[in-house]
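Written below as structure tokens is the structure these notes are about.
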Amino acid sequence: MIPLAIHLRTLFQGGGYQTNVYHANDSSFYNRGETELAFGYDSYQDIQIISDEDRCWGDDYNIADCDDVYEAITGGDRFLSYVVAISTHMPYVVSDDELDVSSSITSLEGRYEAFLSRHSQIDASDEEQVYQAFAMMTDDFVGRLIERMEEDGRLDDTVILFLSDHYSYSLDGTPTDSSLIDIQNIPCFIYSKDIEGQAVEKVCSNLDLLPTITNLFGIETDTKFMGNDIFDDEEGIAYLPSGDWITDRCLYFDGNVVESYDDEVTEEYIDEINKKVLTQIRIGNLIDYSRYYKGK
């Protein structure tokens, strides 16, 4: 997620875009006030400072309806706004004792009251139900943002990239075996008014998003990408540093084909993908060691 955000910033700044990060947290949290600038963004902006309305930074659902925040995120002719949502973050269970506790984001009391007022069917003592409710908040925020930008005429030349940077790692303990690669399947969509809606069925990874966005915007660059354009004809592939991988044909984990989706999975095919994955991992390590992207 972080490398993606860094390289998107680089590509768009080269095209004259203003690039800013927005999050409902003080700049000292994860030292974002320094790290986002070190990543090359023009600024890190705390939503709590932009707006004095508690509802704007305690619940993602309200962000698009807070005028000051909305104008900051969508204002300007050319902008790349990296908005870090907060709703689906822990804790996912509330008790009488916890209601008086404050987090670095906002008070738990206000946070839980916000979602319960809209989702009264949710059992606040059920961890999984609360997690789902918070995810619904984020969904509602994206929907309202698209709706308001369309009302203002700002959606015609805007692309929205939505993705999660991790799975729900607090639920049901630590995953084991091949489920480790399954749970990397995170939400992602790209919205553009001039693109016909479609579901991409092939395997994709975060590495594929950079070349995809670059091509969608028609940005010319000499940067070499590790992934492929999601809309090209290449076979989809995603892999982990462990060397485990998944393609459109099968899931390979710990030296074995765990699941097969194609009768044509042969030993030659397995060897071919293993070599490709190991090569990509080595190249990735060399990129890190050589600081290839510095200055790009």
Exercise for the section: Count the heavy atoms belonging to other residues, nucleotides or ligands that lie under 6.0 Å from OH of Tyr30, then report whether that count exceeds 12. Expected result: no
Exercise for the section: Would you check if His23 and Asp46 make a side-chain contact, meaning some heavy-atom pair closer than 4.5 Å? Expected result: no
Exercise for the section: Report yes if the side chains of Val159 and Phe217 come closer than 4.5 Å at any heavy-atom pair, otherwise no. Expected result: yes
Completion exercise
Sorted by chain and residue number, the ring-ring contact (aromatic ring centres under 6.0 Å, His included) partners of Tyr17 (sequence neighbours excluded) come out as Phe12
Exercise for the section: Quick one: pull up OG in Ser192 and CG in Leu155 and give me the separation to the nearest 0.5 Å. Expected result: 8.0 Å
Handout entry: For the student: nearest non-hydrogen atoms of Val265 and Ser260, plus distance
Key = CG2-OG, 3.7 Å
Exercise for the section: Measure the shortest side-chain to side-chain distance between Met149 and Thr74 over non-hydrogen atoms and say whether it is less than 4.5 angstrom. Expected result: yes
Exercise for the section: State whether the number of non-hydrogen atoms from other residues, nucleotides or ligands found under 6.0 Å of Glu264 atom CD is greater than 12. Expected result: no
Exercise for the section: Check whether any side-chain heavy atom of Tyr191 sits under 4.5 Å from a side-chain heavy atom of Val142, and report yes or no. Expected result: no
Exercise for the section: Flag the pair Leu80 / Leu11 as yes when at least one side-chain heavy-atom distance between them is below 4.5 Å, and no otherwise. Expected result: no
Practice task
Decide yes or no for Thr214 and Glu220: does some side-chain heavy atom of the first lie under 4.5 Å from some side-chain heavy atom of the second?
Solution key: no
Practice task
Please report the shortest heavy-atom distance between Thr138 and Ala85, naming the atom on each side.
Solution key: CG2-CB, 4.2 Å
Exercise for the section: Could you tell me the separation between the SG atom of Cys204 and the CG atom of Asp248, rounded to the nearest 0.5 Å? Expected result: 8.0 Å
Problem - side chain to side chain donor-acceptor pair (under 3.5 Å) against Asn274, all qualifying residues, sequence neighbours excluded - result: Trp245, Tyr252
Fill in the blank from the handout: The reported gap from CG in Leu161 to CG in Leu216 (rounded to nearest 0.5 angstrom) is 10.0 Å
Handout entry: N/O donor-acceptor pair under 3.5 Å between Gln45 side chain and Val21 backbone
Key = no
Problem - Step-by-step side-chain hydrogen bond (donor to acceptor under 3.5 Å, both in side chains) determination, Glu267 to Tyr269 - result: CA-CA 5 Å; Glu267 289 297 330; Tyr269 175 78; over 6 Å; no
Exercise for the section: I would like to know whether Val203 and Thr247 meet side chain to side chain contact (heavy atoms under 4.5 Å, CB included); could you show each step before the answer? Expected result: CA-CA 6 Å; Val203 174; Thr247 66; 5.5 Å; no
Fill in the blank from the handout: Contacts of Asp263 meeting salt bridge (Lys or Arg N to Asp or Glu O under 4.0 Å) (sequence neighbours excluded), chain-then-number -> none
Practice task
Keeping the roles fixed (side chain from Asn215, backbone from Ile213), state whether a donor-acceptor pair exists under 3.5 Å.
Solution key: no
Practice task
Decide if atom CG of Asp156 counts as having more than 12 heavy atoms of other residues, nucleotides or ligands within a radius under 6.0 Å.
Solution key: yes
Problem - Distance (rounded to the nearest 0.5 Å) between Asn25 CG and Ile49 CD1 - result: 11.0 Å
Exercise for the section: Check for a donor-acceptor pair, side chain of Lys276 on one end and backbone N or O of Asp271 on the other, with a separation under 3.5 Å. Expected result: no
Handout entry: Path from Val258 to Tyr261 over hydrophobic side-chain contacts below 4.5 Å
Key = yes
Exercise for the section: Please check if the side chain of Asp244 supplies one atom and the backbone of Asp254 the other of a donor-acceptor pair under 3.5 Å. Expected result: yes
Practice task
With the side chain counted from C-beta on, respond yes when Leu251 and Val257 share a heavy-atom pair under 4.5 Å apart, and no when they do not.
Solution key: no
Handout entry: Test: Arg249 and Glu235 ion pair at under 4.0 Å
Key = yes
Completion exercise
Residue pairs meeting ring-ring contact (aromatic ring centres under 6.0 Å, His included), one or both in residues 135-154, sequence neighbours left out, come to none
Practice task
Check Cys188 against Leu209 and note the closest heavy-atom contact, atom names and distance.
Solution key: SG-CD2, 4.0 Å
Practice task
State plainly whether one hydrophobic cluster holds both Phe253 and Leu278, where clusters connect Ile, Leu, Val, Met, Phe, Trp and Tyr through side-chain heavy atoms under 4.5 angstrom apart.
Solution key: no
Exercise for the section: Following the transitive rule for hydrophobic clusters with a side-chain heavy-atom cut-off under 4.5 Å over Ile, Leu, Val, Met, Phe, Trp and Tyr, establish whether Ile237 and Ile283 coincide in one cluster. Expected result: yes
Practice task
Please report the closest heavy-atom contact between Asp42 and Leu37, naming both atoms and the distance.
Solution key: O-CD2, 3.6 Å
Handout entry: Short side-chain to backbone donor-acceptor contact, Asp208 and Ser205, under 3.5 Å
Key = yes
Handout entry: Distance in Å, Asp157 CG paired with Lys193 NZ, rounded so as to fall on 0.5 Å steps
Key = 10.5 Å
Handout entry: Interatomic distance, Tyr44 atom OH to Phe39 atom CZ [nearest 0.5 angstrom]
Key = 12.5 Å
Practice task
Would you name the heavy atoms of Cys250 and Ile270 that are closest together and state the gap between them?
Solution key: SG-CD1, 4.1 Å
Handout entry: Backbone N/O of Gln18 and side chain of Arg78: donor-acceptor pair under 3.5 Å
Key = no
Problem - Shortest non-hydrogen contact between Ser28 and Asp26, atoms and distance - result: OG-OD2, 2.6 Å
Problem - Backbone of Tyr41 reached by a side-chain donor or acceptor of Thr19 within 3.5 Å - result: no
Exercise for the section: Go through the structure and list residues passing side chain to side chain donor-acceptor pair (under 3.5 Å) with Arg144, not counting sequence neighbours. Expected result: Asp65, Glu147
Practice task
Would you confirm whether Ser81, through its side chain, and Ile73, through its main-chain N or O, come within 3.5 Å as a donor-acceptor pair?
Solution key: yes
Problem - Salt-bridge criterion met for Asp77 and Arg154 (N-O under 4.0 Å) - result: no
Handout entry: Tyr22 (side chain) donor-acceptor with Ala72 (main chain) under 3.5 angstrom
Key = yes
Practice task
Could you tell me which residues satisfy salt bridge (Lys or Arg N to Asp or Glu O under 4.0 Å) with Asp67, sequence neighbours excluded, listed by chain and number?
Solution key: Arg148
Practice task
Could you tell me whether the side chain of Ile63 reaches within less than 4.5 Å of the side chain of Tyr70, counting heavy atoms only?
Solution key: no
